[in-house]
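Below is one structure, written out as structure tokens, with a few remarks after it.
Whatever order the structure lists them in is the order used to number ligands and atoms, beginning at 1. Residue numbers run from 1 in the order of the sequence given.
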Amino acid sequence: MKTLIDKLHHEHRLTPEEYRLLLLDENVDNLSYLHQRAREVACERFGNRIFIRGLIEITNCCRNNCYYCGIRHDNRNVQRYMLSPDDILNCCREGYRLGFRTFVMQGGELPTAYDDRMTEVIRSIRSEFPDCAITLSLGERTREVYEQFYRAGANRYLLRHETHNADHYRQLHPAVMSSEHRLQCLAWLKEIGFQTGTGIMVGSPGQTVDYLLEDILFIEQLHPEMIGIGPFIPHRDTPFGEYPSGSITLTLKLLSIFRLMNPNVLLPSTTALATLAADGREQGILAGANVVMPNLSPGDCRANYSLYDGKATLGAEAAEGLLLLENKLAAIGYRLSKDKGDYVQR
Ligand code: SAM
């Protein structure tokens, strides 16, 4: 197995059968070897610096009904909110003051009527903060709207494909949504010139090793600039409320695989990982992640952006907890980087 890990390290790819062996292997020595290699690669590229991105959860209103998501349209137990353009700009101002140079605007999928308003918000942020990166995570849009967002000044877009397999996609989403359209959106984003991120939830209901293998091969071929992966965590008010959470071990293994596949990739250690384990964020970094995304949303909204039960929003997950985050990272030998941290192909 260590030979396979070395091969992935040096050649950045394995055959499907070799990936399968790596996914199925449960030997703890091999796993720690994998993490160590991934960590070394991340340190060669980025030193001991972890990029920070300020996450602004602009709305929990959503027209979709993904079976796993706590803010799905049909969940009547959510108190819905939508930040005004001024609220969003104020979050950016506070973030800038704290040292953030990337703002990530994430939200549920709003009706298309809001696209022009969003474009104006992007334009305002771009003109007030010309030295910052603007990342969007606003779901599926038309190609024209993505182009509009890009021209207004957005640089990066996160759109997890969730699962590459169409049957599995149908287990996770209602029939009006399709993996075909989501993949089409990713292709548009890349063509337009966004630094593009995709990814999956590890342990989503119905996920198999074959499906994970498909995801790995898809990500290898897409070659995204960012890869967002975190464990699935159930939300009590969803059809998947009774399913178990995804495995931390498997999430960490995939983080390391993706780091070795693309040494330059921007790889967040996610809030979902920090939710499942008190030191989840640090474990992600020690497995090769190099990005963290503290929450810059107004305090009174955070509890309502409840994608899954128990979502971490306090302490080192919060932008105002940067000192705590810095201390936690220092304890494992890392420090925060306030650089914009664009993707660089070396
Ligand atoms: N609407 C946008 C979209 O679909 O990309 C962005 C918001 S969506 C809530 C952001 C991500 O949250 C999804 O891509 C999904 O992977 C993740 N997510 C949703 N529910 C989750 C859950 N129960 N456990 C873990 N992650 C979840």
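Checked for salt-bridge contact, Glu120 and Arg123 meet the test: a charged N lies under 4.0 Å from a carboxylate O. Ion pairing between a basic and an acidic side chain is recognised when a charged N comes within 4.0 Å of a carboxylate O; Asp339 and Arg101 show no such pairing.
With ligand atoms numbered from 1 in the order given, ligand 1 contributes 9 (C), 12 (O), 20 (N), 23 (N) to contacts under 4.0 Å with heavy atoms of Leu307.
Nearest to atom 3 (C) of ligand 1 by heavy atom, out of Arg182, Glu140, Arg160, is Arg182. With Gly230, Ala272, Pro231, Pro205 as candidates, the residue nearest to atom 25 (C) of ligand 1 on a non-hydrogen basis is Pro231. When Leu138, Ile229, Ile233 are checked for heavy-atom proximity to atom 22 (C) of ligand 1, Ile233 turns out nearest. The heavy atom nearest to atom 13 (C) of ligand 1, considering only Glu162, Met201, His173, is found in Glu162.
No more than 12 heavy atoms of other residues, nucleotides or ligands sit less than 6.0 Å from atom OH of Tyr114.
Put simply, atom 19 (C) of ligand 1 has protein non-hydrogen atoms near it, under 4.0 Å away.
Backbone and side-chain nitrogen or oxygen atoms of Tyr68 are examined, and one is located within less than 3.5 angstrom of a nitrogen or oxygen of ligand 1. Remark: ligand 1 and Tyr308 share no N or O pair separated by less than 3.5 Å (distance only, no angle test). Close N/O approach between Gly107 and ligand 1 is found [any backbone or side-chain N/O within under 3.5 Å]. Residue Gln106 places no N or O, backbone or side chain, under 3.5 Å from any N or O of ligand 1.
Taking the ring axis of Phe149 as reference, the NZ or CZ atom of Arg151 does not stay both within 45° of it and closer than 6.0 Å to the ring centre. Stacking of Arg80 on the aromatic ring of Tyr305 is not recorded, the 6.0 Å distance cut-off and the 45° axial limit not both being met.
Proximity of Lys311 to ligand 1, defined as any heavy-atom pair under 4.0 Å, is not found for any part of the residue. Only side-chain heavy atoms of Tyr305 come within less than 4.0 Å of ligand 1; its backbone N, CA, C and O stay farther off.
If you check the side chains of Asp86 and Ser84, you find no donor sitting under 3.5 Å from an acceptor. Side-chain N/O atoms of Tyr81 and Gln79 include no donor and acceptor closer than 3.5 Å.
Placement of Leu286 and Phe258 within a single hydrophobic cluster is found when ILVMFWY residues are connected by side-chain heavy-atom separations under 4.5 Å, directly or transitively.
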